[in-house]
Each structure stands twice: as C-alpha cells, then as structure tokens.
Amino acid sequence: MSCERVFQPRLEGRPVVILSNNDGCLISRSAEAKALGLQMGYPYFQVKLLLEQHKVAVFSSNYALYGDMSRRVMWYLSQVAPAVEIYSVDEAFLDLHGLERFLVDSLDTFARTVRANVLARTGIPTCVGVAPTKTLAKLANRLAKKSPEMGGVCYLDTEECRRWALEQVAVEDVWGIGRQYVQKLYAAGITTAAGLAACSEAFARKHLGRVVGARLVRELQGFPCQGLAPSEDGTLSRRSLCCSRTFGKPLTEFPDIVGAVSAFTSRVAEKLRRQGDAAHLMTVFLSKSRYGLEPPPYSCSAVLTLPVATNNTMELVRFARAALKRLWQPGHRYTKAGVIFDGLEPAGQTQLTLFEAGPVSEKRNKLMAELDALNHRFGKGTVKLASLILPSGQLQAPWEGQAQWRTPQYTTRLEDLLMVG
DNA sequence: TCTGGGGTCCTAGGACCC
DNA sequence: TCTGGGGTCCTAGGACCC
C-alpha cells in the first residue's frame, strides 16, 4: 500500500487496499481502510459493496514494484548496520551490537535517523523497535506502530521499559503466538505478553511447541535465543522455493494444467539459478475448490526425488509433467496448482557420474545462463520454452487470473516510467 | 523370554510467520 | 461467480546403516 502511495500521493489520507493474486483477497490496507473494519485476508467479493460505499481505492498487487521498493529499502539498511537479516519483503532485523560506541547519540536517535532516511530515499514510512532480543524488538516495533506519539521508534533500553512494554501487548500479538496457542494460553489465564513472559519453561515446552515455546518465553524475558542470520549482499536465500497460483477459472483439461505447471516450474527454476542452487526434491500439487459442494480431499501431490540435483528448466519441466500425469484425473475442476523445490544445495555440488558429467551438462548450463542473461537484458519472458508460447490471438494463458487494477511497474520497466509535467 | 548402541536420511504433519 | 502466495522450524516415526 505504501508503495502505491509513493507514486500516487493523492492516495494520502484515503482508504486504500491491495488485492492478492487473481484479485482474490485483501492483503494490504491503509490505516484508513483498517479503520473501516476491513480485515486482512478478507475475500474481495464479500467486501466489494463496503469498498464502493466508502470510495476505497482498490489495486491489484504489483509485485514487480513492491519487490523493487523493498530492495531499495534493504540496500539502504545494509549500508547503516553492521549486519542485516532480511526477514520478509517489508521487515528486516538489524544487528546493533557494538554500534553505540561509534555513535555520537543514542541508539534511539540512530533509529530515528534511519527511519527518516528510509522515508527520504524511498518514500516508504517505517517503524523501528530496538530491544535486546528479536522477539522484544518485534514487540517494540508493534508499540511504535500503534502509538503515533512515539514517532515511529520504540526503544526498550531499561528493565522498567521492558516490563511496561510487556504489559501493553496482548498475548495473541506476540511474535510466534498463533491461533492454536492463543486458545491454550487463554485457557491458562494468560492474556498479555507479560503473563507469557512469566510462565514456566515446563508450561512453554508443553503447550507452545517444545523448544520453540521455551525460546519464545526466554526472549520475552530479555535473553537472546535467536541469532541474526545475515542476508548476504542484500538478497534472500531460501531453503525451499515455491510457485503456485489459483487459476483465473477452474480448469479440467490436461494440456491447460500442464501449461500452468510448466510456467510455474520455469519460474522456480529461475529463482533457483538466481540463488545459485539446484534442487533434488520436487513436489507438484493440484487443488480443487474447498468452498464448493465437493467433498475433500481438496488437494493431491506427488513428490519426486530427482536422480541428480538440477536447476535446468527443461529437465525440471519434464519431471513436473511426469508428476502431473500421476495426479490429474479427468472430470475434476482444478482451481490451483503449484511446484515446490526442496533439498536445495549449491549448484554443481553433486558429484556427477562418469556418464552425466561432461559436454552435455556443460552445454545445458550454458544454455540456462544465456536464457537468464537475455531475459534480464530484454525483459521477463523474452526467451522461454516453446511450450509456453500462447497460440496467436490468445493474450492470456488459460490459467492466468484477474488483475483488473494493476498499476505500472514504475521502477523496473522503461515504458512505465512516471512522466512529470 | 531374552535380543545394543549409535547414527543418517526421509516423510508427514503441525505449528508459526509475512 | 468471485476466497492469495510465499516461507520457516520442529517432531515423530520408519527405513536403513555400521
């Protein structure tokens, strides 16, 4: 939502919502939209009338824009802190250990400067929580977000401060406490973060997921249990990669679904090569609507252990197609499909057998490198598998969905550059 | 009836996160 | 009619190894 406001300042002060893929659900909301009672994850069609009544600005999601804006923010953060862990598209942990010695002012002032600079350089408003542990930093960040008088920064520097903060936050808003745990905590009479911080290790182990729960409680008490995992050169490297989509409309025909799964596989293969990995485990899944009259199971999946870890699009698409053959059944209305790669390892690590090594695989790697280079230079999809090319006259693949209100790729597409004046 | 001790790898499932 | 798309970590159990 903030990204859209940067390029459309007239949205300032107005209720704005961003929709998920296929214009399905609300996934980002301005403060004004939240005030109208619009909740995260609501299906769009259920709140359509409310949105119209209150003249809420509605946008399809524009991941190219959000990803690029995120990259800019993260790059700046990596310049000001000794180590940065990119936690998600819109969150990062900064390691401030030892930084105070080099500062003229306090960490509080430092945080305010960083925040002001992020805003000045990218237009993105942020909040900062500073504390001895990740869990407390998240909690502090939440307080900063909820209390405008704090000016976007909350620094838990003293024991009194920490205790006060724990009293302010409901237990369901603590990082790591989800739906299931909240019920158990309420049943035990624990309703605030302070209550949680005071519970015994035995209780935490028993009811909050063993070691995870024990760590959570310790972190609330101010003892770090989670180190920072620095994101090297400002990028996120993942242990598993996935691409899945809900189709624009239910699909029944095998060729349509193979087309979708091939496209998804191509995308994940690109991600795989970008982070320099190869996968040796692939899961393909196929889902049906869980909202209609049909009974479960709603989803089926096939797991393939690949003979050799690979990141080659053509090989992976072949495997995906084989997996899909085992899953697809005629007469079913499929609404979603996806591909997941696990068991990632640095590309080229696996010892190839005498027969697999050599000129053939060398050539294939080169081909993928060329493909990535061309797509990087001339734009996504410039070079792709022939099977992904649409028949002439067809603008959209059958699986592609709605994106009725997509804004331009202001920062990543030359044709979409904002014109001023 | 008794029948070790130490590992690894894989899978499924459950909880959580943004 | 229309209901998102990514991830993480942990645990338990089974197969298999020496």
Side-chain angles (χ1 to χ4, degrees), chain A residues 1 17-29 39-49 51 58 60-63 66-67 70 85-93 134-135 138 141-142 145 172-185 204-216 225-227 229 231 236-250 264 267-268 271 275 280-283 285 287-293 298-306 333 335-345 399-404:
Chain A
M1 194 287 300
V17 300
I18 312 297
L19 304 182
S20 64
N21 182 52
N22 216 7
D23 292 338
C25 297
L26 311 189
I27 53 164
S28 183
R29 304 151 298 151
Q39 287 187 38
M40 182 70 178
Y42 262 33
Y44 166 70
F45 76 94
Q46 282 179 7
V47 290
K48 194 173 172 187
L49 232 73
L51 294 170
V58 176
S60 307
S61 36
N62 181 346
Y63 295 108
Y66 312 152
S70 171
E85 174 183 340
I86 300 173
Y87 180 62
S88 72
V89 72
D90 67 349
E91 266 183 285
F93 290 103
K134 280 184 168 179
T135 309
K138 288 277 292 181
N141 182 285
R142 185 184 171 82
K145 211 177 282 182
E172 59 265 37
D173 296 326
V174 172
W175 188 41
I177 299 299
R179 268 205 301 274
Q180 309 294 320
Y181 292 166
V182 165
Q183 290 200 359
K184 292 182 182 175
L185 289 164
R205 280 190 182 273
K206 184 160 180 213
H207 299 292
L208 307 176
R210 321 262 170 196
V211 303
V212 183
R215 281 210 287 253
L216 198 166
C225 302
Q226 303 186 61
S231 313
L236 260 173
S237 196
R238 324 246 44 162
R239 303 167 61 85
S240 70
L241 293 171
C242 169
C243 179
S244 73
R245 291 283 179 281
T246 299
F247 305 142
K249 55 174 195 271
F264 304 161
R267 280 231 40 208
V268 206
K271 291 190 197 175
Q275 71 171 48
H280 86 267
L281 226 50
M282 172 160 73
T283 306
F285 70 87
S287 306
K288 292 184 284 185
S289 172
R290 53 185 69 241
Y291 304 105
L293 299 171
Y298 300 120
S299 191
C300 54
S301 62
V303 183
L304 260 63
T305 303
L306 309 183
R333 289 161 54 83
T335 55
K336 177 179 179 172
V339 203
I340 305 162
F341 291 168
D342 288 299
L344 308 193
E345 55 184 63
W399 55 270
E400 270 176 304
Q402 289 286 313
Q404 242 183 292

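Letters A, B, ... are given to chains in the order of the sequence lines, protein chains preceding strands, and every chain is numbered from 1.
When the side-chain nitrogen and oxygen atoms of A:K184 are compared with OP1 and OP2 of B:dA15, none of them lie within a distance under 4.0 Å. An OP1 or OP2 oxygen of B:dC9 is reached within less than 4.0 angstrom by no side-chain nitrogen or oxygen of A:T305. Distances shown here put every side-chain N or O of A:S244 at or beyond 4.0 Å from the OP1 or OP2 atom of C:dG4. Taking 4.0 angstrom as the limit, A:N22 places none of its side-chain polar atoms (N or O) nearer than this to OP1 or OP2 of C:dG4. At the phosphate of C:dG5, OP1 or OP2 sits under 4.0 Å from a side-chain N or O atom of A:K336.
Aromatic stacking of A:Y44 on C:dC2: not satisfied for centres closer than 5.5 Å together with planes under 30 degrees.
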| task | Go ahead and write out DNA chain B as dot-bracket, 5' to 3': ( ) for pairs within the strand, [ ] for ones crossing earlier pairs, | when the partner sits on another strand, dots for unpaired; Watson-Crick or G-U wobble, both distances under 3.5 Å. | result | ....||||||||||||||

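Looking at A:K138, its side chain never comes within 3.5 Å of a backbone N or O of A:V174 through a donor-acceptor pair. Remark: the backbone N or O of A:S289 is paired with a side-chain donor or acceptor of A:T335 at under 3.5 angstrom.
The separation of B:dT3 from C:dC18, taken at their P atoms, amounts to 24 Å, rounded to a whole angstrom.
Residue A:L241 is classed as a sugar-phosphate contact, given heavy-atom separations below 4.0 Å to backbone atoms only.
Relative orientation of the A:F264 and A:F247 rings is parallel, given thresholds of 30° and 60° on the angle between their planes.
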